[in-house]
Structure formats: structure tokens, C-alpha cells
Amino acid sequence: MLSAQVRQNTRTISSRTFDKMPESQGKRGAFIVLEGCDRTGKTTQCKTLVDKLMQANIRAQYMNFPDRSTQCGQLINGYLTRKDDFTDEGIHLLFTLNRWERMKEMEKLLKAGVNLIVDRYSYSGVAFSSAKGLDMEWCKAPESGLLKPDLVILLTLSMEALARRGGFGDERYEVAGFQKKVIERYGMLKDDRYWKAIDADKTFDDVTAVLYEEVLRAIEHSGDKPLEKLW
């Protein structure tokens, strides 16, 4: 269980900083990404965080990558569900294109004061593709120039705990040996200046409380900073 101090800190940050929505203060929104291996709870946590922010009158929107609703995303979905096949280089570039498809929309939302809570981003693309044997610098190159997150939260989980998660193994990359390689690549990408690693092997609510505190802190410190570009 989380300590009473952690929960109190979360309440203090919330009440201290967010009486008004960012737009009314002329501040931009924060760009926050949740990363990690498959089945670490990223999607559900992202949506829960957006709900909590909205309940606190903080403007927020959920996004996820790959976005399977676009034409490019439909090709990616066929690959992930083993209906289609591409070369490793080809599928990596499709994932990259899928992110570029949303950049103008993301920038517009952030400048309007909307906080983006994003389920996976470029780091997943680089980690997964390089885990398959592609050169990491080659994988990063087409992602250069995309928006840089203000905060990346890496959800960590042991291989044993990962294998126990419901639905693990349903998609192409959900193999324990491969996921271990992905974790190693995340370690190579991790930048302590704007990354936080959070242990996801706790109750859902306890993980949410820790994430929410980090998200509020990122929003508090990002509003006056210019948007930056990745790599």
C-alpha cells in the first residue's frame, strides 16, 4: 500500500496548482507518455489518469500508438494480429509514419492547453525494432523531429509477473524472451532528465496514485516551457 504521505502529496499538488484550466492561464498542456512491455497496464492507466484529471477540471486527452484507426494503423493492426507480414524495416517505418500522422493535431492540442496522456510513443518503436536486430540509430532517425514528451513513465514488471497478466501472448510480440530484449533496449533509451521508472507489480489503485502524482508534477512544470523536438 502507498504511504499516507504519498497520498497527501498528491492532494497537495492538485489543490495548489490546478484551480484553473491551463488555457485560462495561457499555459500549454503537458505531453506525457507511458511506456513499457506489453500487458503492463499502460492503456488502462492512461485512461484512468485522463478521467482523474478531467474530474479535477484539468483538461486532458488520451492518445495511443499505434493508432489503428488510420489507414496506416490498419496495416499495422494486420501485422500485429498476424494477418499480414512486412519486413522489419518496413513495419518500423509504418509505426513511425503512424506517429507523424498525429503530430499537427498533437501540437495544436498542447498549445491550446490540453494535457496529452499517450499510450506508447517513439521509444516503443525503437525498443521493439532494435530488439529484433535493427540498428538503434537507424530506428531513431525517422523519429527525429517528432514532439518530445515532457515526461516518460516506464512501467516495469518482472518476466514472471508479465506472463501472469491476462491476454499475454495474444499478439505477435508477446513472447517472454523477446519482451526481455525490449526491456534491455528501454534501459538504453532511458534519459533520467525526463524519464521515471515505476514498478507496476502493485495493486492497480496504488500504481494509479503514484502515476497521478508524477503527472501532476509534470503539468505543473511544463506549462511555461516551449515544445521541444525529439532527438
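For clarity, every value in this text was computed on a predicted model and none was experimentally measured.
- Taking 4.5 Å as the limit, every side-chain heavy atom of I153 sits out of range of all side-chain heavy atoms of K42.
- Although no hydrogens or angles enter the test, the distance criterion places no donor-acceptor pair under 3.5 Å between the side chain of S144 and the main chain of A141.
- Atom CG in D51 sits 11.5 Å away from atom SG in C46 (nearest 0.5 Å).
- The ring of Y123 has its center closer than 6.0 angstrom to the ring center of W231.
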Report the C-alpha separation of D224 and K27 in whole Å, then their side-chain angles, then the decisive distance to 0.1 Å, and conclude whether the side-chain contact (heavy atoms from CB on, under 4.5 Å) test is met. CA-CA 6 Å; D224 296 319; K27 295 184 177 182; 3.6 Å; yes
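- Separating the CG atom in L110 from the CG atom in L147 is a distance of 6.5 Å, to the nearest 0.5 Å.
- Scanning both residues, S129 and C139, for their nearest heavy atoms gives CB-SG, 3.6 Å.
- The hydrophobic clustering, which links ILVMFWY residues whose side-chain heavy atoms are closer than 4.5 Å, places M136 and F128 together.
- Checked by atom type and distance alone, the side chain of H92 never pairs as donor or acceptor with a backbone atom of D88 at under 3.5 Å.
- Using a 4.5 Å cut-off between side-chain heavy atoms of Ile, Leu, Val, Met, Phe, Trp and Tyr, with links allowed through other members, W138 and W100 fall into different hydrophobic clusters.
- Take T70 and apply the side-chain contact (heavy atoms from CB on, under 4.5 Å) test, not counting sequence neighbours, and it matches D67, C72, N98, E101.
- Note that the CZ atom of R102 and the NZ atom of K108 stand 13.0 Å from one another [nearest 0.5 Å].
- Side-chain atoms of T40 come within 3.5 Å of backbone atoms of C37 as a donor-acceptor pair (strictly under, hydrogens ignored).
- Applying the salt bridge (Lys or Arg N to Asp or Glu O under 4.0 Å) rule to pairs touching residues 137-154 yields R28-D150, R99-E143, E137-K140, K148-E228, sequence neighbours excluded.
- Under the 3.5 Å distance criterion, the side-chain polar atoms of R59 are matched with a main-chain donor or acceptor of A112.
- L116 and L146 fall within the same hydrophobic cluster, defined by Ile, Leu, Val, Met, Phe, Trp and Tyr side-chain heavy atoms under 4.5 Å apart, directly or through other members.
- In this structure, K52 and T208 have side chains that are in contact, with non-hydrogen atoms separated by less than 4.5 Å.
- Distance check, rounded to the nearest 0.5 Å: CG of L34 to CG of L49 gives 6.5 Å.
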K196 and L151: CA distance, side-chain angles, deciding distance, side-chain contact (heavy atoms from CB on, under 4.5 Å) verdict: CA-CA 8 Å; K196 296 283 185 180; L151 172 65; 3.8 Å; yes
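- In plain terms, the two heavy atoms of A197 and T156 that are nearest each other are CB-CG2, 4.4 Å.
- Under the 4.5 Å side-chain heavy-atom criterion for ILVMFWY residues, no single connected hydrophobic cluster contains both L75 and L93.
- Close placement of the Y121 and F31 rings is indicated, their centers lying within 6.0 Å of each other.
- A donor and an acceptor atom, one from each side chain of T48 and Y212, are nowhere located under 3.5 Å apart.
- A donor-acceptor pair under 3.5 Å is absent between the side-chain atoms of N115 and the main chain of G29, judged by distance alone.
- Proximity of I91 to K132: side-chain heavy atoms (C-beta onward) are separated by under 4.5 Å at one or more points.
- In summary, K104 and E107 do not engage in a salt bridge, as defined by a charged side-chain N under 4.0 Å from a carboxylate O.
- Taken to the nearest 0.5 Å, the CZ atom of F95 stands 12.0 Å off from the CG atom of L97.
- Connection of I198 to F204 is not established within any shared hydrophobic cluster, with ILVMFWY side chains joined at heavy-atom distances below 4.5 Å, either directly or through further cluster members.
- You'll find the side chain of Q45 reaches within 4.5 Å of the side chain of V207, heavy atoms only.
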Starting from the C-alpha separation in whole Å, work towards a yes-or-no answer on side-chain contact (heavy atoms from CB on, under 4.5 Å) for I219 and I32. CA-CA 9 Å; I219 294 173; I32 298 164; 4.2 Å; yes
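- Crowding of K190 atom NZ: a count of heavy atoms from other residues, nucleotides or ligands under 6.0 Å exceeding 12.
- Ring pair Y79/F86 is tilted by interplanar angle, where 30° to 60° counts as tilted.
- Among I117, L109, V50, the single residue meeting the side chain to side chain contact (heavy atoms under 4.5 Å, CB included) criterion with Q61 is L109.
- Side-chain atoms of S130 and L189, non-hydrogen and from C-beta on, never get closer than 4.5 Å to each other.
- Distance CG/N57 to CD/Q55: 10.0 Å, rounded to 0.5 Å.
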Mind running side-chain contact (heavy atoms from CB on, under 4.5 Å) on F65 and V118 for me, showing each step along the way? CA-CA 8 Å; F65 291 103; V118 181; 3.7 Å; yes
